[in-house]
Amino acid sequence: MNGHPGGEAHTRRMLSLAGLRPGARVLDLGAGAGETVALLRSLGYEAQGLDLEPLSPLVAWGDLLGTGLPSGSFDAVLSQCAFFVSGDVPGALAESRRLLKPGGTLLLSDVFFEPPEPLFRRAGFSLSHAEDITELWRAYYLEALWREDEICPAVRGKCAYWIVICTKEERHGPV
Ligand SMILES: C[S@@+](CC[C@H](N)C(=O)[O-])C[C@H]1O[C@@H](n2cnc3c(N)ncnc32)[C@H](O)[C@@H]1O
């Protein structure tokens with residue numbers, strides 16, 4: 001089961017907003033049970049996924065805060081509901097930026113405690129799309145509570161859930 005609000009429909013929406021070319025190399029960070037990796041492959045992308053607790057053979061073990069993968073090796077990095085859970089969003093953004101090729105795209109859907117634009121600018125990305133889907137996330141979160149699923153205990157206070165598509169800025173500094 002998808003571990004993010006909106007499920008596959010929202011993954012497809014992110015891909016369509018990003019306009020990735022067929023065959024692009026895409027890395028899913030915090031890929032969980034691998035549904036998004038499977039979808040990406042079915043759509044013709046060269047996809048791989050990493051997670052601290054991989055739940056499928058489609059996903060390899062890896063820490064999104066330090067993947068050990070070569071710099072500049074992906075056309076796109078995607079992550080859904082995992083950067084916040086990692087406990088270090090700036091660290092996750094820095095590792096994503098390192099992994100991207102020049103001009104590469106980051107596709108994110110996640111919980112944020114601050115407006116995304118300044119956060120992403122500081123991390124060396126320029127935003128092409130930012131969409132607040134907090135209402136959808138609230139419904140998803142309530143359903144998870146109702147099912148007694150494991151939920152993230154760190155989500156407290158006034159936060160929002162955003163879809164963000166952004167591009168690696170070259171002027172920010174070395175990869
Ligand atoms: C809410 S689940 C989302 C899973 C998947 N992205 C999805 O949408 O179905 C969050 C995932 O992030 C993973 N995760 C948390 N911290 C991580 C880290 N530092 N490195 C890799 N994965 C991490 C967890 O193991 C979990 O599978």
Side-chain angles (χ1 to χ4, degrees), residues 1-18 20 24-43 45-71 73-74 76-100 105-113 116 119 123 129 131-156 159-166:
M1 203 197 106
N2 275 292
H4 59 270
E8 181 180 316
H10 265 252
T11 308
R12 286 180 180 271
R13 176 160 163 66
M14 286 167 77
L15 292 169
S16 133
L17 286 165
L20 294 182
R25 262 198 106 196
V26 186
L27 177 65
D28 183 358
L29 292 176
E35 287 98 342
T36 296
V37 175
L39 174 68
L40 287 165
R41 290 185 185 171
S42 76
L43 295 172
Y45 297 108
E46 195 192 314
Q48 63 188 87
L50 295 182
D51 201 288
L52 280 183
E53 296 178 25
L55 296 173
S56 136
L58 292 176
V59 180
W61 184 90
D63 185 349
L64 64 84
L65 299 173
T67 60
L69 295 169
S71 299
S73 51
F74 291 91
V77 169
L78 174 152
S79 186
Q80 297 165 304
C81 229
F83 281 14
F84 174 75
V85 180
S86 80
D88 182 4
V89 174
L93 290 173
E95 178 64 356
S96 302
R97 187 173 184 282
R98 186 187 72 75
L99 291 166
L100 284 168
T105 309
L106 176 63
L107 299 79
L108 266 193
S109 95
D110 218 326
V111 175
F112 291 96
F113 279 84
L119 174 71
H129 183 88
E131 185 177 341
D132 185 337
I133 61 160
T134 306
E135 286 309 317
L136 180 65
W137 177 68
R138 279 197 188 120
Y140 170 86
Y141 201 79
L142 279 175
E143 269 174 40
L145 277 174
W146 196 255
R147 283 195 308 265
E148 299 184 346
D149 284 359
E150 204 176 299
I151 51 164
C152 182
V155 178
R156 291 262 188 281
C159 55
Y161 197 103
W162 289 81
I163 284 180
V164 175
I165 313 291
C166 55

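First listed ligand is number 1; within each ligand, the first listed atom is number 1.
Counting only N and O atoms by type, the side chains of S86 and D88 include no donor and acceptor under 3.5 Å apart. With hydrogens and angles left out, the side-chain atoms of T11 and H4 include a donor and acceptor closer than 3.5 Å.
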Practice item. Please step through side-chain contact (heavy atoms from CB on, under 4.5 Å) for the pair F74 and V26, ending with a clear verdict. Key: CA-CA 6 Å; F74 291 91; V26 186; 5.9 Å; no
Check your understanding: Which is it for E131 and H129 under the side-chain hydrogen bond (donor to acceptor under 3.5 Å, both in side chains) test, yes or no, and what are the steps along the way?
Key -> CA-CA 7 Å; E131 185 177 341; H129 183 88; 2.7 Å; yes
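Residue L50 places no N or O, backbone or side chain, under 3.5 Å from any N or O of ligand 1. Considering backbone and side-chain N/O atoms, A82 never comes within less than 3.5 Å of an N/O atom of ligand 1.
The residue among D28, D51, L78, L29 with a heavy atom at the shortest distance from atom 25 (O) of ligand 1 is D51. Nearest-heavy-atom check against atom 3 (C) of ligand 1 across Q80, H10, E95 picks out Q80. When C81, G32, S79 are checked for heavy-atom proximity to atom 2 (S) of ligand 1, C81 turns out nearest.
Aromatic rings of Y140 and Y161 (six-membered ring for Trp) have centroids beyond the 6.0 Å cut-off, not under it.
Contact annotation: the side chain of L65 never approaches that of E95 to less than 4.5 Å [non-hydrogen atoms, C-beta and beyond].
For G62, the heavy-atom gap to ligand 1 drops under 4.0 angstrom. The shortest separation from a heavy atom of D63 to ligand 1 is under 4.0 Å, placing the residue in contact.
For ligand 1, the atoms sitting less than 4.0 Å from at least one non-hydrogen atom of G30 are 4 (C), 5 (C), 6 (N), 11 (C), 12 (O), 22 (N), numbered in the order shown with element in parentheses.
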